Engineer: 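Sharing a structure below in structure tokens format, with a few things to ask.
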Amino acid sequence: MTDGTNGTVPQLDTLAADAEAKLNWLGEFGKDPDGGVSRLLYSKEWVEAQHALKEWIENEGLEARFDEIGNLFGTLKGKNTNETILTGSHVDTVKNGGKYDGQYGIIAGILALKYLKETYGQPLRNIEVVSMAEEEGSRFPYAFWGSKNIVGLAKREDVETIADFDGVPFVEAMKEAGFGFRDETKPARQDLKAFVEIHVEQGSVLETEKIPVAVVNNIVGQRRFTIEVTGEANHAGTTPMGYRKDAVFAASQMIFDIISMAKEVGDPLVATVGKIEAQPNIVNVVPGKAIFTIDVRHTDKDAIVSFTKQITDRMNEISKNHEVDTKIDMWMDADPVPMDEKIVEVMEKQCKENGLTYKVMHSGAGHDSQIFAPFVPTAMLFVPSVKGISHNPAEYTHPDDLAEGVKALIGSLYELGYKE
């Protein structure tokens, strides 16, 4: 990437200071008294954050607008206004989350557009940053509301009957925030030629390997299950061990075998049992029921299908041996999402040209990019997360790593937005 003068992106220390300052600023909207950020969709804090971002975007000389549902766009107009390169991420947080997840992608996008505008002037194509309304699903039982509306996947009936934990209807909260439904009779945007999302890793790979930037080539697929094991509740003192139908004993063997089988398969497969309940959950009663969840992820769909069949067969075998009944409910089945090879190549090229140390890796978490990818050429950049901590007030990325990520984003947007 060259500009005819020095051919470089901004100094690292300048970008680091700017990125950290803006993240701290945005983190004040929804800041929790004991640390962390809670900025849920259509809340007062969310509304204030979106309007503050709009003001900043306009102050940088970019065009700013909201769409019908509250996605915020900032545009550096190109000579060809029928083609748009989009970057950005989500502005909502989990409850008591950190100030980097999602938010960094918005801050980095605005800083990148600011630099490109000041250094290179008008691009060939529109370059646009989006602060997406929602991704987390933290307030309402619906995720990716922002990106699904942009690509035309979201439907009015999906949210018309849902409410948050306080009983506030989705539609009421949206209206109170000043927004409404998009016109579903109109087609989704046809001008988007690429989507580039930069995000904190939310894992420990980059920090462990001391690499400041990753180019993401795949987002893992996921299968999630709820397992309900039903035995027979009985007296803990009067029921001999051989007569018991102990649901927790059966479930514990299932859990041990599932995790052991996952370790045997190895990376990139991961399996997690994250929630366990016992009933009646009393110290002197043999448990009659055990409920637990399973989360399985892999970059290859066939591998997920094969592994989940193996653990299902094993759970049924254990159930039979323990003389208990086992109900297996798979309630999520999301395929892996590959990133666009050409966009990945652009990102790698820019990392090399700007002297950035990087690696190519997959994402073990879900992102807005997986919604865009089937419709728009898409790829992601990662920067390190200290100790891999995310969805937590302790979430942190070093300023120099923030800056390296912005440099990679600037180069990628220049390549995509300014060149033929």
Side-chain angles (χ1 to χ4, degrees), residues 18-31 37-78 81 84-93 97 99-118 122-123 125-136 138-139 144-151 154 173-183 189 191-192 195-199 368 372 402 406 409-410 413 417:
D18 288 348
E20 185 177 40
K22 285 299 185 180
L23 281 163
N24 288 334
W25 164 75
L26 187 55
E28 291 294 315
F29 297 93
K31 184 176 181 180
V37 181
S38 294
R39 190 165 57 241
L40 309 185
L41 177 63
Y42 298 140
S43 65
K44 174 177 176 290
E45 297 80 12
W46 178 96
V47 170
E48 291 174 348
Q50 285 289 69
H51 282 279
L53 284 167
K54 183 175 184 289
E55 183 177 354
W56 176 28
I57 289 168
E58 290 172 336
N59 287 342
E60 298 298 350
L62 305 170
E63 294 185 14
R65 66 176 179 85
F66 286 105
D67 67 9
E68 298 97 324
I69 66 108
N71 290 314
L72 171 65
F73 298 89
T75 307
L76 175 58
K77 283 282 189 181
T81 57
T84 300
I85 307 301
L86 185 65
T87 189
S89 196
H90 59 97
V91 73
D92 70 313
T93 71
K99 57 187 177 185
Y100 295 82
D101 176 9
Q103 299 152 82
Y104 170 60
I106 300 165
I107 298 297
I110 299 173
L111 291 175
L113 264 65
K114 176 178 185 287
Y115 175 81
L116 291 168
K117 174 178 175 290
E118 293 174 351
Q122 187 179 29
R125 303 169 188 87
N126 298 330
I127 306 179
E128 197 164 71
V129 59
V130 59
S131 175
M132 277 176 277
E134 189 274 340
E135 184 252 25
E136 297 285 5
S138 296
R139 182 178 182 185
F144 300 110
W145 177 243
S147 53
K148 283 182 176 178
N149 269 279
I150 294 173
V151 300
M174 180 170 62
K175 184 178 179 181
E176 182 68 23
F179 300 101
F181 291 108
R182 67 181 175 86
D183 184 349
R189 291 179 58 173
D191 63 311
L192 298 179
F195 176 61
V196 177
E197 183 175 13
I198 187 167
H199 208 282
D368 285 303
F372 279 97
L402 297 173
V406 178
L409 180 64
I410 288 171
L413 294 177

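This is a predicted model, so every value here is computed, not measured.
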Engineer: Ignoring hydrogens, what is the shortest heavy-atom contact between A154 and N149? Give both atom names and the distance.
Structural biologist: CB-ND2, 3.4 Å
Engineer: Excluding sequence neighbours, so at least two apart, what forms side chain to side chain contact (heavy atoms under 4.5 Å, CB included) with A64?
Structural biologist: K54, I57, E58
Engineer: Give the minimum heavy-atom separation between A108 and I198, together with the two atoms involved.
Structural biologist: CB-CG2, 3.7 Å
Engineer: Looking at every non-hydrogen atom in both residues, tell me the closest pair between G102 and H199 and how far apart they are.
Structural biologist: N-NE2, 3.4 Å
Engineer: What pairs with Q103 under side-chain hydrogen bond (donor to acceptor under 3.5 Å, both in side chains), at least two apart in sequence or on another chain?
Structural biologist: R39
Engineer: Roughly how far, to the nearest 0.5 Å, is the NZ atom of K114 from the CG atom of D18?
Structural biologist: 6.5 Å
Engineer: Starting at CG of L26, measure out to NZ of K31 and round the result to the nearest 0.5 Å.
Structural biologist: 12.5 Å
Engineer: With rounding to the nearest 0.5 Å, note down the distance linking CE in M132 to CG in D368.
Structural biologist: 3.5 Å
Engineer: Could you pull out all residues at least two apart from F144 that satisfy ring-ring contact (aromatic ring centres under 6.0 Å, His included)?
Structural biologist: none
Engineer: Is it the case that the side chain of W46 and the backbone of A133 share a donor-acceptor pair, with hydrogens and angles ignored and the cut-off at 3.5 Å?
Structural biologist: yes
Engineer: Show the nearest heavy-atom pair for residues P123 and G417, with the distance to one decimal.
Structural biologist: CB-O, 3.6 Å
Engineer: Tell me, yes or no, whether the heavy-atom count around E48 atom CD, taken from other residues, nucleotides or ligands under 6.0 Å, exceeds 12.
Structural biologist: yes
Engineer: Can S38 and E45 be counted as having a side-chain donor-acceptor contact under 3.5 angstrom?
Structural biologist: no
Engineer: Using the ring-ring contact (aromatic ring centres under 6.0 Å, His included) criterion, which residues pair with F29? Sequence neighbours excluded.
Structural biologist: W25
Engineer: Who pairs with E128 by side-chain hydrogen bond (donor to acceptor under 3.5 Å, both in side chains), at least two apart in sequence or on another chain?
Structural biologist: T75, R189
Engineer: With sequence neighbours excluded, tell me which residues meet ring-ring contact (aromatic ring centres under 6.0 Å, His included) with F73.
Structural biologist: none
Engineer: Not counting sequence neighbours, which residues clear side chain to side chain contact (heavy atoms under 4.5 Å, CB included) with V151? List them please.
Structural biologist: L153, I371, F372, F375
Engineer: Backbone N or O of L40 within a donor-acceptor pair of the D92 side chain at under 3.5 Å?
Structural biologist: no
Engineer: Just jot down the side-chain hydrogen bond (donor to acceptor under 3.5 Å, both in side chains) partners of K117, sequence neighbours excluded, or say none.
Structural biologist: none
Engineer: Can you check whether L23 reaches L402 side chain to side chain, under 4.5 Å on heavy atoms?
Structural biologist: yes
Engineer: ring-ring contact (aromatic ring centres under 6.0 Å, His included) with F181: which residues, sequence neighbours excluded?
Structural biologist: none
Engineer: Evaluate the criterion side chain to side chain contact (heavy atoms under 4.5 Å, CB included) for residue pair F66 and H51; output intermediate values, then yes/no.
Structural biologist: CA-CA 10 Å; F66 286 105; H51 282 279; 3.7 Å; yes
Engineer: Go through the structure and list residues passing side chain to side chain contact (heavy atoms under 4.5 Å, CB included) with A112, not counting sequence neighbours.
Structural biologist: L409, I410, L413
Engineer: For L113 and I127, which heavy atoms make the closest approach, and how far apart are they?
Structural biologist: CD2-O, 3.4 Å
Engineer: Indicate yes or no for a side-chain donor-acceptor contact from N71 to the backbone of G146 under 3.5 Å, with no hydrogens or angles considered.
Structural biologist: yes
Engineer: Any sub-3.5 Å donor-acceptor pair from E134's side-chain atoms to W145's backbone N or O?
Structural biologist: yes
Engineer: Does L72 reach the side chain of I106, with side-chain heavy atoms less than 4.5 Å apart?
Structural biologist: no
Engineer: Sequence neighbours left out, what passes side chain to side chain contact (heavy atoms under 4.5 Å, CB included) with N59? Give chain and number order.
Structural biologist: E55
Engineer: When you measure from the side chain of R125 to the backbone N and O of I85, does any donor-acceptor pair fall under 3.5 Å?
Structural biologist: no
Engineer: Work out which heavy atom in A19 is nearest to a heavy atom in I107; give both atom names and the distance.
Structural biologist: O-CG2, 4.1 Å
Engineer: Under a 3.5 Å distance rule, please check whether E135 uses its side chain to pair with a backbone N or O of S89 as donor and acceptor.
Structural biologist: no
Engineer: Any chance you could measure I110, atom CD1, to L53, atom CG, to the nearest 0.5 Å?
Structural biologist: 5.0 Å
Engineer: Indicate yes or no for a side-chain donor-acceptor contact from N126 to the backbone of T81 under 3.5 Å, with no hydrogens or angles considered.
Structural biologist: yes
Engineer: side-chain hydrogen bond (donor to acceptor under 3.5 Å, both in side chains) with E20: which residues, sequence neighbours excluded?
Structural biologist: none
Engineer: Measuring from atom OG1 of T84 to atom CG of D191, what distance do you get when rounded to the nearest 0.5 angstrom?
Structural biologist: 3.5 Å
Engineer: For L41 and M174: C-alpha separation, side-chain torsions, deciding distance, then whether side chain to side chain contact (heavy atoms under 4.5 Å, CB included) applies.
Structural biologist: CA-CA 8 Å; L41 177 63; M174 180 170 62; over 6 Å; no
